[in-house]
Amino acid sequence: MSSEIPEARLLAQIHPERLPKHVAIIMDGNGRWARKRRLPRIAGHRAGMNAVRRVIEACAELRIPYLTLYAFSVENWKRPRREVELLMQLLKEYLKKGVADLDRHNIRLGVIGRIAELPASVRQGLRAAVTKTQSNTGLRLTLALNYGGRAELVDAFRSLMTEHASAAGAAPSLDEEAIRRHLYTSDLPDPDLLIRTSGEMRLSNFLLWQVAYAEIWVTETLWPDFGKKDLLEALLDYQKRERRYGGLG
Ligand code: IPE
Ligand code: IPE
Ligand code: MG
């Protein structure tokens with residue numbers, strides 16, 4: 001229904017004071033987008049990069065403080081080697097060509113995931129882009145790469161154990177705050193809005209701890225077709241929700 005409403009009308013309905021602080025997106029459906037066009041899957045990933053640029057720009061314009069994009073999961077290594085190689089190639093291209101755009105929009109880039117396991121050339125591109133944008137004060141963009149929610153929890157518990165082993169004497173205290181501090185996302189607020197494209201109703205191991213009270217919005221739109229209008233629809237739906245956090249509202 002709302003897909004027939006022009007973008008400007010959607011934008012006019014947005015309450016800036018009720019925007020989510022942190023939007024997280026499971027970008028899904030690149031392969032299906034390509035298959036519908038009888039193109040190789042990588043053509044879908046390439047088209048998906050344009051959607052990435054559109055959404056980053058839209059979030060920056062709307063002054064949403066945090067955007068986190070699920071780009072490659074720890075499970076995605078199961079895909080054919082050629083697809084994984086091409087995905088890494090696309091990522092490198094994006095980092096090389098896109099960093100100037102990020103910088104121009106005052107966007108600060110961060111990454112979460114098991115980054116040490118990525119190819120050296122990708123790590124180098126990431127390091128350069130993160131360093132170049134580190135003093136920017138606008139949108140905080142986080143790319144989840146070789147990311148898994150369970151892997152993150154394992155890494156957090158390992159890091160907690162190391163900390164306790166090196167602390168003298170006192171019995172280790174363990175509470176939610178202690179765990180939160182050891183997550184990859186320790187310097188990010190929890191997502192308020194979680195978007196998944198292409199109609200799949202699952203988390204696929206994304207931010208398991210952090211989405212405890214996120215509002216979830218799923219669209220049938222395939223990721224390469226996702227644009228500012230889809231984002232505005234998600235934000236408008238989010239603004240209508242009552243977040244009770246287990247209370248009575
Ligand atoms: C999302 O699109 C991109 C990644 C997971 C890297 P997919 O490649 O999962 O596309 P579908 O789900 O096969 O359509
Ligand atoms: C989730 O999508 C991972 C990313 C978007 C990077 P997948 O396409 O890998 O998830 P499943 O396999 O459908 O659960
Ligand atoms: Mg998929």
Side-chain angles (χ1 to χ4, degrees), residues 22-56 59 66-95 98 109-119 121-123 125-126 129 141-155 183-185 188 191 193-211 214-227 230-231 234:
H22 186 173
V23 175
I25 308 182
I26 302 173
M27 310 184 287
D28 198 18
N30 294 352
R32 277 161 281 174
W33 184 94
R35 194 172 61 215
K36 269 182 28 190
R37 289 162 179 77
R38 298 174 187 281
L39 294 169
R41 289 179 55 85
I42 192 67
H45 296 312
R46 202 169 271 288
M49 297 309 293
N50 294 326
V52 168
R53 288 188 199 94
R54 286 195 295 271
V55 167
I56 292 173
C59 286
Y66 298 90
L67 172 66
T68 298
L69 300 176
Y70 200 9
F72 192 85
S73 75
V74 287
E75 282 86 19
N76 286 147
W77 298 105
K78 290 179 198 159
R79 294 185 180 198
R81 207 179 78 191
R82 188 74 192 130
E83 179 171 345
V84 171
E85 280 170 3
L86 288 168
L87 275 168
M88 294 298 153
Q89 192 57 41
L90 268 184
L91 179 62
K92 275 190 284 182
E93 275 174 37
Y94 171 74
L95 290 168
L109 178 70
V111 284
I112 54 171
R114 290 186 168 163
I115 303 306
E117 292 169 7
L118 291 170
S121 55
V122 172
R123 289 198 319 262
L126 285 170
L141 169 66
T142 304
L143 295 181
L145 288 168
N146 194 23
Y147 175 88
R150 288 183 173 180
E152 178 180 31
L153 288 169
V154 169
D155 290 349
L183 296 173
Y184 306 145
T185 55
L188 304 177
L193 174 62
L194 174 69
I195 296 175
R196 182 160 187 158
T197 57
S198 86
E200 306 293 357
M201 300 284 189
R202 55 176 173 264
L203 290 173
S204 302
N205 204 8
F206 190 42
L207 299 176
L208 297 180
W209 175 279
Q210 297 88 335
V211 298
E215 296 295 329
I216 301 174
W217 190 80
V218 176
T219 175
E220 289 297 324
T221 302
L222 303 174
W223 178 250
D225 293 325
F226 195 93
D230 301 271
L231 179 70

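Numbers here simply count residues along the sequence, with the first being 1. Counting starts at 1 for both ligands and their atoms, in listed order. Remember, predicted model here, so these are calculated numbers, not experimental data.
Residue contacts to the Mg ion (ligand 3): Asp28 brings an N, O or S atom closer than 2.8 Å.
Atoms of ligand 2 found under 4.0 Å from any heavy atom of Phe72 (numbered from 1 in listed order, with element): 6 (C). Residue His45 has at least one heavy-atom neighbour below 4.0 Å for each of these atoms of ligand 1: 3 (C), 8 (O). Taking every non-hydrogen atom of Ser204 and a distance limit under 4.0 Å, the qualifying atoms of ligand 2 come out as 1 (C), 10 (O), 11 (P), 14 (O).
Looking only at heavy atoms of the protein, atom 7 (P) of ligand 2 is closest to Arg79 NH2, 3.8 Å.
In terms of polar-atom proximity, defined here as any N/O pair under 3.5 Å, Asn76 makes no such contact with ligand 1. Taking only nitrogen or oxygen atoms, main chain and side chain alike, Asp28 reaches within less than 3.5 Å of ligand 1. The shortest N or O to N or O distance between Gly31 and ligand 1 is under 3.5 Å. Annotation: Tyr70 places no N or O atom under 3.5 Å from an N or O atom of ligand 2; distance criterion only.
Between Arg32 and Glu200 there is a salt bridge, since at least one side-chain N of the basic residue sits less than 4.0 Å from a carboxylate O of the acidic one.
By the criterion of a heavy-atom distance under 4.0 Å, neither the backbone nor the side chain of Ser73 is placed next to ligand 1. Within the 4.0 Å heavy-atom criterion, neither part of Glu200 lies near ligand 1.
The option from Arg32, Glu83, Arg41 that lies nearest to atom 13 (O) of ligand 1, judged by heavy atoms, is Arg41. Of the options Arg202, Arg196, Glu75, the smallest heavy-atom separation from atom 2 (O) of ligand 2 is shown by Arg196.
Annotation: cation-pi pair Arg37/Trp33 present, NZ/CZ under 6.0 Å from the ring centroid and within 45° of its normal.
For the ligand labelled ligand 1, residue Gly29 lies inside the 4.0 Å heavy-atom shell.
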